[in-house]
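Being a predicted model, the structure only gives us computed values, none of them experimental. Each ligand, and each atom within it, is numbered from 1 in the order the structure gives.
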Amino acid sequence: MSDQHLKTPIAGLHHVTAISGPAQENLDFYTQRLQTRLIKQTVNFDAPEMYHLYYGAADARPGSVMTFFNREERSQGQAGEGAAQSFAYAVSPEQIAQWHEELGGTLSTRFGTQVLSLTDPHGQAFEMVADADAGAWGEFHSVTLWLADPTPTAQILTEVFGYVHVGQERGDGGTRDRYALPGNAPGRVVDLWRSDTPGRARPGPGTIHHVAFRARDLDHQAALRETLLARGHNVTEVKDRQYFKAIYFREPGGVLFEIATDGPGFDTDEPMATLGAQLKLPPQHEPRRAELEAVLPPLTQH
Ligand code: ZN
């Protein structure tokens, strides 16, 4: 088995992608209320009649990037088994109280640290976790994956990605197992949660589409791909996502995993100072700009 285990750990979360309702409401919440930065205004490369908005820390660092496929129609997905249930920002312990006052939500204690549980306007659960090592605002603390059976997912985290099981806790009507990477990379924690009440996830606004982990470079991504293929996982070819290179596979618990590189980076098609200011299209969709701009609702940035 040793050749099917990888020696170099993954570098934490790269981004998390969820499905939202109307883009303007999503933009207002994540930039005005949460004060993360709009770092990219583009379209879903696989369905370009839909916005794909990216938010993150001011410098757009991997590990802070929360993205949404924005659906204009009013509908709702359902959290459940086989999908990521929530994502969490790392905040300093002092900031938790400020955010609670600002946004409401529910305070609780998990693994000895304070957690503020919140919901965005389209029903997406997210959290703020007190973390003395919290870096720039917008950096992730963790994601929570809701699984019927966490064991095969845990094996990928520990045997391929380099995570270590650091604790188990009962609460919120289920059992939470925590996995963490060594060091203090943003988004270095993954929680696997099993509910006492079974129920499958249904995709739609308010649910997470996929979780992207961060490869150290293209060679690391290639090694991870080989390891996953050798273990029988159905991994895609390397896809050019304009701002990073990505591979995808559905882990045995049902969650779509991506492994993405840092390069070329979000400033590959516009300057860092004005990230997000204009609609950017990848070369394959640029010829359709006029048509797409006519379909996409206009956005107002405050
Ligand atoms: Zn992605």
Side-chain angles (χ1 to χ4, degrees), residues 10-20 23 26 30 36-48 50-57 60-71 77 82-89 120 124 126 138-140 142-145 153 156-157 161 185-187 190 201 203-218 220-222 224-225 228 233-251 253-269 275-276 280-282 284-285:
I10 209 105
L13 294 175
H14 184 282
H15 65 272
V16 176
T17 296
I19 303 168
S20 82
N26 178 253
Y30 282 90
T36 53
R37 181 181 180 190
L38 179 68
I39 59 171
K40 194 61 66 181
Q41 187 187 148
T42 185
V43 295
N44 182 339
F45 290 2
D46 299 324
M50 176 191 296
Y51 276 119
H52 189 184
L53 300 182
Y54 290 59
Y55 309 96
R61 68 184 65 182
S64 77
V65 179
M66 186 64 212
T67 93
F68 292 89
F69 297 139
N70 307 97
R71 288 197 190 163
Q85 184 258 340
S86 68
F87 64 96
Y89 294 109
D120 85 1
Q124 178 60 56
F126 70 102
E139 283 188 3
F140 291 128
S142 56
V143 284
T144 297
L145 313 184
T153 308
I156 293 175
L157 293 181
F161 288 0
V190 175
T207 66
I208 291 174
H209 186 270
H210 64 268
V211 174
F213 295 88
R214 183 180 178 192
R216 291 168 192 279
D217 51 33
L218 280 168
H220 188 214
Q221 183 187 57
L224 285 159
R225 185 171 183 276
L228 289 162
H233 299 291
N234 189 12
V235 190
T236 65
E237 295 296 320
V238 177
K239 292 179 188 275
D240 182 356
R241 293 312 193 184
Q242 181 80 352
Y243 311 110
F244 44 85
K245 306 277 194 249
I247 58 174
Y248 302 82
F249 70 104
R250 201 167 290 280
E251 59 82 31
V255 184
L256 185 59
F257 277 4
E258 175 180 347
I259 300 171
T261 58
D262 286 7
F266 294 101
D267 58 351
T268 191
D269 61 355
L275 288 185
K280 305 306 288 187
L281 298 174
Q284 68 269 33
H285 295 316

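- For the pair R61 and D262, the salt-bridge criterion is not met [side-chain N within less than 4.0 Å of a carboxylate O].
- If you look at F244 and H15, their ring centroids are closer than 6.0 Å.
- Among the backbone and side-chain atoms of H14, no N/O/S atom is found under 2.8 Å from the Zn ion (ligand 1).
- In this structure, the ring of F69 has its center less than 6.0 angstrom from the ring center of H209.
- Backbone or side-chain N, O or S atoms of H209 do not reach the Zn ion (ligand 1) at under 2.8 Å.
- Between E258 and R241 there is no salt bridge, since no side-chain N of the basic residue sits under 4.0 Å from a carboxylate O of the acidic one.
- Rounding to 10 degrees gives 120° for the angle at the Zn ion (ligand 1) between NE2 of H210 and NE2 of H15.
- Checked against the Zn ion (ligand 1), the N, O or S atom of E258 at the shortest distance is OE1.
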